[in-house]
Each structure stands twice: as C-alpha cells, then as structure tokens.
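For reference, the structure is listed below as structure tokens.
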Number of protein chains: 2
Amino acid sequence: MTGTTSAVPSRSDAVRNRRLLLDAAAKTFAERGVEVSIGEIAQRAGVGKGTVFRHFSSKEELLAAIMLGMLDELVDTGTALLTADDPGSALREFMAAGVQSLVTDRAFCEVIGRPSLQHPEVRDAIDRLCDVAEALTARARRQDIVRPDVTGTDVVLLLGGIHHTAAPLLIAEPQAWRRYLELALDGITIPTERRLPHPPPHRLPLTTPDPDPGR
Amino acid sequence: MTGTTSAVPSRSDAVRNRRLLLDAAAKTFAERGVEVSIGEIAQRAGVGKGTVFRHFSSKEELLAAIMLGMLDELVDTGTALLTADDPGSALREFMAAGVQSLVTDRAFCEVIGRPSLQHPEVRDAIDRLCDVAEALTARARRQDIVRPDVTGTDVVLLLGGIHHTAAPLLIAEPQAWRRYLELALDGITIPTERRLPHPPPHRLPLTTPDPDPGR
DNA sequence: ACCGAACCGGACCGCTCGGTCATCTTAGGG
DNA sequence: CCCTAAGATGACCGAGCGGTCCGGTTCGGT
C-alpha cells in the first residue's frame with residue numbers, strides 16, 4: 001500500500017524530514033510537473049538540497065515513490081468498486097477517479113503512459129492497475145454493457161487520452177473532462193435503446209419469422 | 001500556405017542554408033521533440049549554431065515556423081475533404097490524417113494542445129484548423145452521422161487524445177492508433193443499424209401505423 | 001578584378017540543473 | 001551529561017542549454 005522505495009530511517013528528525021519531503025514533493029510535482037528542480041522541493045519542505053539526496057538516491061527515485069502511492073490509491077479504488085452493484089457505474093466511477101487523478105496531478109499524467117525508461121516498481125504498479133481495470137471491464141462485458149473487444153488495458157490507456165483531450169480546456173472549465181469521459185464511454189459501450197430516437201421494436205405485432213420457444 | 005516567420009533572405013548561400021535548416025529542424029523536432037538543442041539541429045543541417053539565430057530570432061520562432069507548416073498542411077487536407085462525397089468518410093479521413101501527423105511528429109503533438117505561452121501565429125493556425133474541422137463536422141452532423149452536440153473543436157481536441165491514448169503502443173504496433181480512432185468515432189457518431197446484431201426492421205410486413213404515401 | 005555588405009562559425013556568456021562532499025549539528029543511548 | 005554516529009547543510013562541480021558576438025569568409029553588383 002505505502003510503496004516507499006528506500007528504508008525508513010530511525011532517528012526522529014530523519015523520519016519527520018522524510019514526511020515533510022514526501023508531502024512537499026507530492027504537492028510540487030502535482031502543481032508543476034516532473035520538471036521542477038530538487039531545490040524547489042527542498043525549499044518547500046524547509047530542508048536543504050542535500051537532505052533530499054540523503055533520503056532518495058536520485059530525483060527519479062523520489063518521483064517514483066510519489067507515483068507509486070498514487071497508482072496504489074487508484075488500484076484500491078478499483079478493487080473496492082469490484083463489489084459494487086452495477087458494473088457499468090462501477091467502471092464509470094473507476095474511470096472518473098482515474099481521470100480526476102490525472103487532472104489534479106501534472107506529474108502523474110506526465111509519468112503514466114511513458115513506459116520507456118521507467119522505474120520497474122512503477123511499471124509493476126501500472127500492471128496492477130491494468131489488472132483491476134480488466135476485472136472491472138470483464139464484469140461490465142459479461143453483462144453486455146461494454147463491447148467484447150475492449151480490454152482493461154484499453155481502459156487504462158483511455159484515462160490518459162481523455163485527460164489529454166480535455167487538458168486545454170481545464171483552466172477555463174475544470175469539469176470539461178467529464179464530457180470526454182462520456183464520449184469515451186459511449187465509444188466502448190454497446191449502444192442501448194436510450195440512444196436511439198425511438199424505443200426499439202420489442203416483438204413484432206404479428207409475424208415472428210424465427211421460433212421463440214422460451215417466452 | 002508556406003508560413004515562414006522571418007523574411008526569406010536574398011543571397012544564394014543564405015537561402016540554401018535556410019532550406020537546409022528548416023529541413024533539418026523539421027526532421028529533428030519530429031524525431032526527438034521540442035527539447036532538442038539548437039546545436040543538434042545546426043549540426044544536422046551542416047551549419048554553425050550562430051547561423052540558426054541569424055535566420056530565426058529564437059528557438060521558439062524556428063519551432064513555430066515548422067509547426068505552422070504542419071498545421072497549414074492539415075488545414076489544406078481538411079479543406080480538400082470538404083468537397084468529398086461522403087461526409088462521414090471525409091471526417092474519418094481528416095481525423096486519420098491528423099492523428100497520423102501526431103504519430104510521426106513528436107514535436108507536433110507536444111506543441112498542439114498547449115495553448116499557454118504559444119506563438120500567436122500558431123494559435124491562429126490552430127483556430128483555422130478548428131474552423132475546417134467544424135465545417136467537416138457540421139456536414140456530417142447535417143446528415144445525422146455525428147451527434148448534434150459535437151463540435152469541430154471537439155474533433156481537434158480528440159486528435160491529440162487519440163494519439164495520446166495509443167502512444168505507449170505505437171513502438172510495438174505502429175497502427176494501434178486506428179483502434180482508438182474508431183473508438184472515438186463510435187463515441188461521436190450516432191449509432192447506426194450496422195452496430196446492432198441484426199439488420200433493422202425496414203418495413204413491418206403487415207401493419208404500417210403511419211401513412212406511407214410515396215411508395 | 002574589386003569591394004562592401006551580407007553571411008557564417010564557433011568560442012564564449014550566463015544560467016539552471018542533478019548530484020557530491022566536507023563540515024557542522026543533533027538525537028538519544030549509556 | 002557526554003560522546004558518537006546519524007543526519008543536515010549549502011557551497012561546489014560538471015554538463016548542457018539558449019543566445020551573443022566578432023573575426024573571417026563569400027556572394028554578387030559594378
């Protein structure tokens with residue numbers, strides 16, 4: 001659950017500074033993206049630059065620790081939704097949570113979807129995310145809510161795509177991503193009668209060309 | 001059409017170097033993204049670093065010149081498709097061309113969709129792209145192919161989203177973006193009978209509740 | 001052939017970055 | 001209370017960047 005990379009130190013000031021550092025890094029990465037300097041994070045945490053490298057061997061290690069936390073959080077959300085009543089709503093809620101995370105964290109959406117040269121632990125967490133997404137998708141698929149050819153990986157990839165589509169609008173309209181989430185959902189779901197202008201023919205009034213033994 | 005920012009010089013060696021520079025910059029930006037150094041572009045063009053800044057006042061100016069060319073190319077493609085027979089296919093082809101451009105040019109997909117602090121000429125070109133996309137969309141909308149609430153701006157935004165969705169797969173499977181293009185198209189189009197498991201009832205064999213004077 | 005202006009090139013500048021290290025501070029067990 | 005090992009610090013390093021500048025080169029009109 002708490003996927004810290006390095007071992008947690010023993011001295012009280014060290015554990016306190018580590019917390020300060022993780023909190024400051026999470027906020028700063030979220031606001032400004034992966035390009036922020038270590039110096040800025042250290043300043044925000046109220047510690048020296050050298051302290052950062054005492055706790056994390058490199059900038060990438062620090063970033064990975066933060067990203068891992070976010071990914072695990074999403075995995076937990078998805079896992080909880082596996083027991084929800086309506087598989088369709090569960091999938092929608094999972095995707096909404098995913099896109100929401102991307103919207104509120106700039107570094108998160110910069111890291112995800114760039115599998116090249118990425119921390120192995122982060123890769124593993126993304127795999128876990130794909131697994132839970134696949135479980136949610138399979139449940140919805142079994143009820144003919146989503147197409148048979150849509151996978152959990154599709155769903156995870158779509159999270160980034162939905163966010164990226166809405167990104168230019170988010171400053172002016174922070175909820176714009178919901179528009180494209182619905183669009184994507186319409187793309188992956190099987191069309192239902194509510195999308196057609198008229199209710200569908202349920203049974204033909206007179207002639208039924210095929211045998212209908214059951215009911 | 002050819003949206004060069006600075007004036008084209010008069011001396012023969014200068015115009016030759018300018019061409020060399022534009023070609024090298026286009027290739028290098030496409031392959032490595034906007035982060036490539038001016039030095040690398042100059043080296044690839046076979047000129048000195050100073051020559052770059054003689055022709056373009058800054059790196060951003062050079063990048064804008066390249067991006068402007070790509071955007072205008074897409075606008076031309078869209079304009080040509082406005083006279084195509086089938087509005088639905090025209091829209092699909094336009095979107096395919098757009099995503100294809102994003103797939104083959106890393107800088108292009110980094111620049112588009114980041115309207116903040118962007119060259120005004122590039123902004124204008126994006127506006128023109130939205131206009132032609134709106135024209136294409138309106139044509140498809142009029143024939144009930146796409147939803148009434150989908151705009152040209154939606155379509156342009158979706159180009160980036162589709163590419164971004166497929167990006168992690170493109171190295172292994174360069175055509176993967178087509179999957180998500182179809183998905184997006186399914187999201188913005190009005191469901192048609194070909195998506196239902198059986199062909200629709202065309203005319204009821206016997207009872208026709210509404211008058212059918214024509215035939 | 002000549003000459004001035006346009007052009008070229010790469011050393012150079014100032015800056016920021018991730019990361020290191022010698023020196024100083026402090027927690028906390030005995 | 002004291003001593004030591006763990007921890008904190010910020011000056012420092014080398015690399016790389018965009019952009020500048022001036023001495024040398026070349027084009028092209030006359």
Side-chain angles (χ1 to χ4, degrees), chain A residues 4-26 28-29 31-67 106-107 110-111 114 117-119, chain B residues 4-25 28-29 31-67 106-107 110-111 114 117-119 122:
Chain A
T4 49
T5 315
S6 324
V8 49
S10 51
R11 248 172 68 169
S12 65
D13 55 345
V15 300
R16 189 204 43 164
N17 277 348
R18 190 190 173 86
R19 255 271 67 80
L20 253 41
L21 218 40
L22 280 170
D23 291 348
T28 315
F29 277 136
E31 291 172 10
R32 318 251 322 243
V34 298
E35 304 270 339
V36 286
S37 66
I38 291 289
E40 190 171 337
I41 293 172
Q43 191 176 356
R44 187 155 179 173
V47 303
K49 207 170 89 172
T51 306
V52 181
F53 291 100
R54 164 166 300 275
H55 289 278
F56 303 92
S57 59
S58 69
K59 182 185 180 179
E60 196 186 339
E61 206 83 19
L62 171 58
L63 180 62
I66 308 273
M67 294 299 103
R106 212 171 126 182
E110 285 168 6
V111 164
R114 260 141 204 77
L117 201 53
Q118 200 167 252
H119 221 82
Chain B
T4 50
T5 316
S6 324
V8 47
S10 50
R11 251 173 67 168
S12 64
D13 55 346
V15 299
R16 189 203 44 163
N17 276 349
R18 189 191 173 86
R19 254 273 66 79
L20 252 42
L21 218 41
L22 280 170
D23 291 347
T28 315
F29 278 136
E31 291 171 11
R32 319 251 322 243
V34 299
E35 303 270 338
V36 285
S37 68
I38 291 289
E40 189 171 335
I41 293 173
Q43 192 178 355
R44 186 155 180 174
V47 303
K49 208 170 88 171
T51 306
V52 180
F53 290 101
R54 164 166 300 274
H55 289 280
F56 302 93
S57 59
S58 71
K59 182 186 180 180
E60 196 187 338
E61 205 82 19
L62 170 59
L63 180 63
I66 309 272
M67 294 300 102
R106 210 172 129 184
E110 285 168 7
V111 164
R114 261 141 203 77
L117 201 52
Q118 197 168 253
H119 220 85
V122 175

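Note that this is a predicted model, so its numbers are computed, not measured. Note on naming: letters A, B, ... go to the chains in the order of the sequence lines (proteins, then strands), and numbering restarts at 1 for each one.
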What is the minimum heavy-atom distance between [X] and [Y], and which atoms define it?
X: A:Ile66; Y: A:Leu22; result: CD1-O, 3.4 Å
X: B:Lys59; Y: B:Ile38; result: CG-CD1, 3.6 Å
X: A:Ala64; Y: A:His119; result: CB-CG, 3.8 Å

_Other residues, nucleotides and ligands only: do more than 12 of their heavy atoms fall within 6.0 Å of CD on B:Glu31?_
yes
*Touch check for A:Val47, heavy atoms < 4.0 angstrom, all strands: base, sugar-phosphate only, or nothing?*
sugar-phosphate
*Under 4.0 Å between any heavy atoms, over every strand shown, what does A:Lys49 touch: base, sugar-phosphate, or nothing? Just pick one.*
base
*asked:* Among residues 34-43 of chain B, which ones have heavy-atom contacts with DNA chain D below 4.0 Å?
replied: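 DNA chain D contact set from residues 34-43 of chain B: B:Val36, B:Ser37, B:Ile38.
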Compare all side-chain heavy atoms of [X] with those of [Y] and state whether any distance is below 4.5 angstrom.
X: A:Phe53; Y: A:Glu61; answer: no
X: A:Phe56; Y: A:Leu63; answer: no
X: A:Pro9; Y: A:His55; answer: yes
X: B:Arg32; Y: B:Glu40; answer: yes

Might you list the N or O atoms of the protein lying below 3.5 Å from N or O atoms in nucleotides 1-7 of chain C, with each pair's distance?
| from | atom 1 | to | atom 2 | distance (Å) |
| --- | --- | --- | --- | --- |
| C:dA6 | N3 | B:Arg11 | NH1 | 2.6 |

For [X] and [N], give me the distance from atom [atom1] to atom [atom2], rounded to whole Å.
X: B:Glu60; N: D:dG19; atom1: CD; atom2: P; result: 9 Å
X: A:Phe56; N: C:dT20; atom1: CZ; atom2: C1'; result: 18 Å
X: B:Leu63; N: D:dC17; atom1: CG; atom2: P; result: 16 Å
X: A:Glu61; N: C:dG18; atom1: CD; atom2: P; result: 15 Å
X: A:Phe53; N: D:dA11; atom1: CZ; atom2: C1'; result: 15 Å

*Relative to the 5' end of DNA chain D, which residue comes earlier, B:Lys59 or B:Gly50, by the nucleotide with the nearest heavy atom?*
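The residue whose closest nucleotide sits nearer the 5' end is B:Lys59.
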_side chain to side chain contact (heavy atoms under 4.5 Å, CB included) partners of B:Asp23, counting only residues at least two apart_ = B:Arg19
